[in-house]
Amino acid sequence: MLKLENVVAHYGNIQALSGISLEVSEGEIATIIGANGAGKTTTLKTICSLISPTSGKIYFQGKDITGRPTYEIVEAGISMVPEGRRVFPRMTVLENLQLGAYLNKNRQQVKSYLEEVFTLFPVLKSRAKQVAGTLSGGEQQMLAIGRALMAKPKLLLLDEPSMGLAPKIVESIFDIITKINCEGTTILLVEQNAGMALSIANKGYVLETGKIVMSDTAENLLENEKVKTAYLGE
Ligand code: ATP
């Protein structure tokens, strides 16, 4: 469904990605694990065209989307939940969600997507009129995911959904990610919490200083001695 071929990206003179190749198949959860600064966020931003790759190609459902404007990429069916959640703190929960569907002019459809998000996250329904900045961290993460789902993506990109959340909340967020996947959305999940990410993923890529150094089924990566020492704290 998504294919990156030798993607290179820079911030000025700094090379952040040195030739990333990866594939996400329809229906699966793929994860990219790696330390702080490895290039995980840059990879997601490059897929969404928030950063233009210096070279390399990105294909989505067989189409070359490299360097296409971000709104076209959203229209094609890719949504991203950014790192640190980035909800609009002064807007209400409902307004944040509606913004996620800003490209959709079909009001009936937007209403039905909203109902789907409220079914997945009942807490957002009960807080629909509350300003987003007053939600807890976990609720803000739910809102950020809900907002991305309002665009009805085929592929959901998640940037470190566990960041700054208590273990219990992380578990419930990961349960919801699994549920979203079971309901038909393909997922590319970027995480520093490798144990949690690999526990729900089908396959994983290990990213180190802008390079994929390992890729395998999530099951095998969880058993891999190098992964265990470097990323699972064993
Ligand atoms: P984190 O978990 O901290 O988000 P990451 O794996 O997502 O880490 P990136 O944020 O993609 O890593 O960063 C990859 C490299 O690019 C790092 O060396 C980082 O310092 C650098 N970098 C990231 N953003 C910028 C920027 N706006 N300008 C310059 N360099 C940047």
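When a ligand or atom number is given, it counts from 1 through the structure's own listing order.
- Of all heavy-atom pairs between Leu143 and Ala132, the closest is CD2-CB, 3.6 Å.
- Among protein heavy atoms, the minimum distance from atom 26 (C) of ligand 1 is reached at Tyr11 CD2, 3.4 Å.
- The protein non-hydrogen atom at the shortest distance from atom 9 (P) of ligand 1 is Thr42 OG1, 3.5 Å.
- The side-chain heavy atoms of Lys179 and Leu120, taken from C-beta on, include a pair separated by under 4.5 Å.
- Under a 4.0 Å N-O distance rule, the pair Lys152/Glu116 qualifies as a salt bridge.
- For atom 17 (C) of ligand 1, the nearest protein heavy atom lies under 4.0 Å away.
- Taking CG of Asn181 as the reference point, atom CD1 of Ile200 lies at 8.0 Å (rounded to 0.5 Å).
- Contact annotation: Gly34 has no heavy atom less than 4.0 Å from any atom of ligand 1.
- Distances from ligand 1 to the non-hydrogen atoms of Glu160 include at least one value under 4.0 Å.
- With values rounded to the nearest 0.5 angstrom, Asn6 atom CG is found 4.5 Å from Ser21 atom OG.
- One finds no salt bridge joining Lys211 and Glu208 here, because no Lys/Arg side-chain nitrogen approaches an Asp/Glu carboxylate oxygen to under 4.0 Å.
- The distance from ligand 1 to the heavy atoms of Thr41 drops below 4.0 Å at these ligand atoms: 4 (O), 5 (P), 7 (O), 10 (O), 11 (O).
- Of the candidates Ala35, Gly37, Ala9, it is Gly37 that places a heavy atom closest to atom 15 (C) of ligand 1.
- The proximity of Gln192 to ligand 1, defined as any non-hydrogen pair under 4.0 Å, is limited to the side chain.
- Protein heavy atom in closest approach to atom 12 (O) of ligand 1: Gly39 N, 3.1 Å.
- By the 4.5 Å heavy-atom criterion applied to side chains, Ile51 and Thr42 are counted as neighbours.
- Close N/O approach between Ala38 and ligand 1 is found [any backbone or side-chain N/O within under 3.5 Å].
- Atom 5 (P) of ligand 1 has as its closest protein heavy atom Lys40 N, 3.4 Å.
- Looking only at protein heavy atoms, the nearest one to atom 1 (P) of ligand 1 is Asn36 OD1, 3.4 Å.
- Near Glu83, the atoms of ligand 1 lying under 4.0 angstrom from a non-hydrogen atom of the residue are 1 (P), 2 (O), 4 (O).
- Between Met163 and Glu83, the closest heavy-atom pair is CE-OE2, 3.0 Å.
- Between Lys40 and Glu191 there is no salt bridge, since no side-chain N of the basic residue sits under 4.0 Å from a carboxylate O of the acidic one.
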